[in-house]
Asker: 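Handing you this structure, nothing more for now.
Reckoned from all heavy atoms, side chains included, excluding hydrogens, waters and symmetry mates. Residue numbers start from 1 in every chain, and the chains themselves are labelled A, B, ... in the order their sequence lines are given, proteins ahead of strands. The structure presented is a predicted model; accordingly, all values stated were derived computationally and were not measured.
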Amino acid sequence: MSELESRGADFLHEAVAADLSAGRFDRVHTRFPPEPNAYLHIGHAKAVWISYGIARDFGGLFNLRFDDTNPAAEEQEFVDGIIADVRWLGADWGDRLFFASDYFEQMYEWAVQLVRQGDAYVCDLSAEQVSATRGTLTTPGAASPFRNRSVEENLDLFARMRAGEFPDGSRTLRAKIDMAHPNLNMRDPVMYRILHVAHHRQGDKWCIYPMYDWAHGLEDSIEGVTHSLCSLEYENHRPLYDWFLDRLGIYHPRQIEFARYSLTYTVMSKRRFVQLVEGGHVNGYDDPRLPTLAGLRRRGVTPQAIRAFCERIGVGKADTNVAVDVALLEHFIREELNRTAPRRMAVLDPLRVVIENYPEGQAEELDAVNNPEDAAAGRRKVPFGRTLYIEREDFMEDPPKKFFRMAPGREVRLRYAYFITCREAVKDAAGNVVELRCTYDPATRGGDAPDGRKVKATLHWVAADSAVDAEARLYGHLFTQADPDEAPEGKDYRANLNPDSMKVIAAKCEPALAAAAPGDRFQFERMGYFCCDPDSAAGRPVFNRTVTLKDTWAKVQKQGK
RNA sequence: UGGCCCGUAGUGUAACGGUAACACAACUGACUCUGGAUCAGUUAUUCCUGGUUCGAAUCCAGGCGGGCCAGCCA
């Protein structure tokens, strides 16, 4: 509720509160109704969190219900995936896991009622003919020649549709509303279509399946939902939602629509996920570059961060053409991980350093803090030695003015260890720096200078002898454009795919990282947050970069160019 | 030429007739054994034009701009 207090209620909370005080409802009950035909993405997370949040804030109930009315598109695999995703996100549906397909019998009986009332009829028109007679946005449609069949004939035909006497597409049950209605959805919409397709839960029990518009309000009504929250594109469907419920005379929930959003530097549709996966641009639906919940989870994003993000962006009706800045999501990821992720040292692009005055064969362990933001995280020992690795980018032979790090003759601090001074940069035949010869000051053990002298930079490092080899996958934005659709003439969003969205590199890690288990999250000091990937093998961990740390130096560099 | 919905900093939201707020981003600076974190500061005549009012982002009218809708998808 703290969000609500600090910024005022959104229009959904206001609408629900108004319904309560007006007596339209005396309790609150919401639902999240995914179709099990794809994996959830972060856009769905917002929808889940809005409905769950409304229920929670008003002391109400929240259902997870699969809208499985089209067996041609749906699979059990997605049911399982979605349940896992919603649970991971943290929405609580108690024991209220429902399936629309469990209501098919009741829906059928209600359809019969509408037929009896003269509100529905069996239509023999083909899909093409229905489309051709629907009219246009500006002209009315034409009545079906079957519109005025007798109730008896309709009842008989509908029963035979169910019994499987007719082939796919040969007939439909249609609501008898108004072929001249300015809202196309009201021009005798199809309620049932014939589909001789096995359902993933119902098997061959049915060969007629209800359409969304017919089914959805019934599902809400059966479950006692008070507020059926959905996205803006269903606004035009609300009159139909209400019409069916009114004609049936059954309990009538209220549908309210809200704007969904997109994110910069990514795409968010099932169709595009399929294209990216099948085109080999990403490695599956849980690729850490995809905004699927499975991908975000694998990348190391926490459900807390996603929730904080959802609450911060709020809800509105402004149909935004532009997307929410992915930097906001990244902010919440950093905020969470800064508090919770243990610090470790890992060198992603190793440059060898030899401490010339450090005794050959000597080794020692230094004391390091696990998390400066959390004293309870404790401390650990990090081995030091004569030969080390530092980050290649932390050395410049001819540094510009604002570069504080290692350079010939310069002294820097190795975190938790010693001050070292660069004496020489050793190069190979091609002129590449391959090793730094340095000296250290034994008096600075632990990282403090007894004489109080300052160094400008503190570098992370890993001792060579005890280093653990790891694979690091450095992820960046999947697209180079904030709006991937801004593509050159004749090209689509795929032209904006970022060729560097994943860089796989061999890293050197401090020994503690050898014990990392898939899902473990760390901050690699000065480099970013990383999450141990399921691809990890014993002794050879794989780390996914969740997000980099904020990098002031990178900004300075950018400005210089 | 139809119907429905929506226009507030770069972005997302708030202000509910009383003088524009929050977060992120960006930019300054302070501090720091992570160029991290933290702290301080800077960034808007609310799409336009009229009207009502002592007073309008809020109400009204007309423009302009954007979104959705012609699946037997959801």
Asker: What does A:H237 touch in the nucleic acid at a heavy-atom separation under 4.0 angstrom: a base, only the sugar-phosphate, or nothing?
Answerer: base
Asker: Just checking A:A127: base, sugar-phosphate only, or nothing, at a heavy-atom cut-off of under 4.0 Å?
Answerer: base
Asker: Looking at every strand, decide which applies to A:E330 at a 4.0 Å heavy-atom threshold: base, sugar-phosphate, or nothing.
Answerer: nothing
Asker: Contact class for A:P372 (heavy atom, under 4.0 Å): base, sugar-phosphate, or nothing?
Answerer: base
Asker: Do A:R453 and A:T444 make a side-chain contact, defined as non-hydrogen atoms from C-beta onward lying under 4.5 Å apart?
Answerer: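 The answer is yes, as the side chains (C-beta and beyond) meet within the 4.5 Å cut-off.
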Asker: Any side-chain heavy-atom pair from A:Y241 and A:D220 closer than 4.5 angstrom?
Answerer: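 Touching, per the 4.5 Å side-chain cut-off.
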Asker: Just verifying a value: how many Å separate A:R405 CZ and A:E391 CD, rounded to the nearest 0.5 Å?
Answerer: 9.0 Å
Asker: Scan A:L137 against the nucleic acid and name what it touches under 4.0 Å (heavy atoms): base, sugar-phosphate only, or nothing.
Answerer: base
Asker: Check every strand shown and say whether A:R134 touches a base, only sugar-phosphate, or nothing at a heavy-atom separation below 4.0 Å.
Answerer: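 Sugar-phosphate, backbone atoms only, no base.
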Asker: Name the orientation of the base relative to the sugar in B:G71: syn if the glycosidic angle is within 90° of 0, else anti.
Answerer: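 B:G71: syn glycosidic orientation.
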Asker: Establish whether the base of B:C68 is bridged to the side chain of A:D319 by a donor-acceptor pair shorter than 3.5 Å.
Answerer: no
Asker: Looking at every strand, decide which applies to A:L173 at a 4.0 Å heavy-atom threshold: base, sugar-phosphate, or nothing.
Answerer: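 Counting heavy atoms under 4.0 Å across all strands, no contact is made by A:L173.
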Asker: How close do A:L348 and A:A472 get, heavy atom to heavy atom, and via which atoms?
Answerer: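 Looking at all heavy atoms of both residues, the closest pair is CD2-CB, 4.2 Å.
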Asker: What contact category does A:Y261 fall into here, base, sugar-phosphate, or nothing, at under 4.0 angstrom with non-hydrogen atoms?
Answerer: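 Result for A:Y261 = nothing.
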Asker: Mind checking if A:T552 touches a base, just sugar-phosphate, or nothing, with heavy atoms under 4.0 Å?
Answerer: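 If one applies the 4.0 Å heavy-atom cut-off, A:T552 turns out to touch the sugar-phosphate alone, with no base involved.
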Asker: What is the nucleic acid contact for A:D448, judged by heavy atoms within less than 4.0 Å: base, sugar-phosphate only, or nothing?
Answerer: base
Asker: May I ask you to verify whether the side chain of A:N183 and the base of B:G2 hold a donor-acceptor pair under 3.5 Å?
Answerer: no
Asker: Want to know the stems of RNA chain B: at least 3 consecutive Watson-Crick or G-U pairs with distances under 3.5 Å, which are they?
Answerer: B:2-7 with B:64-69, B:10-13 with B:21-24, B:26-30 with B:38-42, B:47-51 with B:59-63
Asker: For A:T264 and A:A323, which heavy atoms make the closest approach, and how far apart are they?
Answerer: N-CB, 3.5 Å
Asker: Heavy atoms only, 4.0 Å cut-off, all strands: where does A:T264 land among base, sugar-phosphate and nothing?
Answerer: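 Touches nothing.
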Asker: Applying a 4.0 Å non-hydrogen cut-off, can you work out what A:T139 is touching in the nucleic acid: base, sugar-phosphate, or nothing?
Answerer: nothing
Asker: Going through the checks in order, is the side-chain contact (heavy atoms from CB on, under 4.5 Å) test met by A:E219 and A:R31?
Answerer: CA-CA 10 Å; A:E219 297 161 20; A:R31 106 270 90 117; over 6 Å; no
Asker: Can you tell me whether the side chain of A:R312 and the base of B:C24 have a donor-acceptor pair closer than 3.5 Å?
Answerer: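 No, the side chain and the base share no sub-3.5 Å donor-acceptor pair.
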Asker: What is the nucleic acid contact for A:A323, judged by heavy atoms within less than 4.0 Å: base, sugar-phosphate only, or nothing?
Answerer: sugar-phosphate
Asker: Please work out if A:M211 contacts a base, only the sugar-phosphate, or nothing of the nucleic acid, heavy-atom cut-off 4.0 Å.
Answerer: sugar-phosphate
Asker: Less than 4.5 Å apart, side chain to side chain, heavy atoms only: is that true for A:Y209 and A:R193?
Answerer: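 In contact.
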Asker: Is there a donor N/O on one and an acceptor N/O on the other, under 3.5 Å, for the side chain of A:E373 and the base of B:G36?
Answerer: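 Counting by modelled atom types and ignoring angles, a donor-acceptor contact under 3.5 Å is found here.
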Asker: About how many Å separate CG of A:L229 and CD of A:Q255, when rounded to the nearest 0.5 Å?
Answerer: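 The distance works out to 9.0 Å.
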Asker: With a 3.5 Å cut-off and just heavy-atom distances, do the side chain of A:R405 and the base of B:G35 make a donor-acceptor pair?
Answerer: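 Indeed, a donor on one side and an acceptor on the other fall under 3.5 Å apart.
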Asker: Within the modelled atom types, does a donor on one side and an acceptor on the other bring the side chain of A:R343 and the base of B:U34 under 3.5 Å apart?
Answerer: yes
